[in-house]
Amino acid sequence: MSEGDSIGESVHGKPSVVYRFFSRLGQIYQSWLDKSTPYTAVRWIVTLGLSFIYMIRVYLLQGWYIVTYALGIYHLNLFIAFLSPKVDPSLMEDSDDGPSLPTRQNEEFRPFIRRLPEFKFWHAATKGILIAMACTFFEAFNVPVFWPILVMYFIMLFCITMKRQIKHMIKYRYIPFTHGKRKYKGKEDVGKTFAS
């Protein structure tokens, strides 16, 4: 391997200017992502605002319905992954060597672990909206289509997919939303304290 063959290095073995620029840009982006992690409500409000702006843009331009349909399918897939457990109970049904979800009241509490965590769900959904927004600036993505058919097909797909997901939740007895371990109250103190 010659001296300048590795990725991101110039002929003299030092990182190239372009590599350093994009590396620094990636660090700044990751820093902003890390700072936004605790602000769940604010992140989702910004994402909903972006999707509202995107919908207004598509409505005013009267086009790019295929891009919108693809964005809807992408968000549906993200939502299904968000609702699904990390370890599928149907695969764990035969083997008893791994963890499973509790099925009875007296079993040990195990929190619901998602296949797609909330932060990654938000990040992917926001990136999807921004990419779809960028696609509306290129006429090549404006494929003429009769949009009511796409809306009907998306509604049918959403209903079928959610019905299957809800049946899966009922069959394996899990709820994708938990708020932590239950807290039990002790016995009430009915005895009187002794005054000294």
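What's counted below: heavy atoms across the whole structure, side chains too, no hydrogens, waters or symmetry copies.
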Looking at side-chain heavy atoms only, is the closest gap between [X] and [Y] below 4.5 Å?
| X | Y | value |
| --- | --- | --- |
| Ile80 | Arg164 | no |
| Phe141 | Ile66 | no |
| Tyr59 | Met55 | no |
| Tyr65 | Val143 | no |
| Lys120 | Pro117 | yes |
| Tyr69 | Trp147 | no |
| Leu33 | Thr37 | no |
| Phe158 | Ile73 | no |

Transitively linked via ILVMFWY side-chain contacts under 4.5 Å: [X] with [Y]?
| X | Y | answer |
| --- | --- | --- |
| Leu76 | Ile149 | no |
| Leu48 | Leu78 | no |
| Ile45 | Tyr54 | no |
| Phe138 | Val145 | yes |

Would you mind listing every ring pair (Phe, Tyr, Trp, His ring centres under 6.0 Å) that reaches into residues 22-43, with sequence neighbours excluded? Tyr29-His123

Hey, does the side chain of [X] reach the backbone of [Y] with a donor-acceptor pair shorter than 3.5 angstrom?
| X | Y | result |
| --- | --- | --- |
| Thr161 | Leu157 | yes |
| Trp122 | Thr40 | no |
| Arg114 | Leu83 | no |
| Trp64 | Phe137 | no |
| Asn142 | Gly63 | no |

Derivation and outcome, side-chain hydrogen bond (donor to acceptor under 3.5 Å, both in side chains), residues Arg57 and Thr136: CA-CA 8 Å; Arg57 179 165 171 76; Thr136 62; 2.7 Å; yes

Residues two or more places apart in sequence or in another chain: which of them pass side chain to side chain donor-acceptor pair (under 3.5 Å) with His75? none

Quick one: list whatever passes ring pair (Phe, Tyr, Trp, His ring centres under 6.0 Å) with Phe52, sequence neighbours left out. none

[atom1] of [X] to [atom2] of [Y]: how many Å apart, nearest 0.5 Å?
| X | Y | atom1 | atom2 | result |
| --- | --- | --- | --- | --- |
| Ser16 | Phe21 | OG | CZ | 12.0 Å |
| Leu71 | Met133 | CG | CE | 10.0 Å |
| Thr126 | Ile131 | OG1 | CD1 | 11.0 Å |
| Leu130 | Thr47 | CG | OG1 | 8.5 Å |

Please report the closest heavy-atom contact between Gln165 and Ser84, naming both atoms and the distance. NE2-OG, 3.5 Å

Of all heavy-atom pairs between Ser51 and Ile129, which one has the smallest distance, and what is that distance? CB-CD1, 3.7 Å

Is the Lys NZ or Arg CZ of Arg24 less than 6.0 Å from the centre of Tyr19's six-membered ring, within 45° of the axis? no

Taking atom types as modelled, find out whether Arg20 and Ser23 have a side-chain donor-acceptor pair closer than 3.5 angstrom. no

Under 6.0 Å between the ring centres of Phe121 and Trp44? yes

Is it true that atom CZ of Phe82 has more than 12 heavy atoms of other residues, nucleotides or ligands lying nearer than 6.0 Å? yes

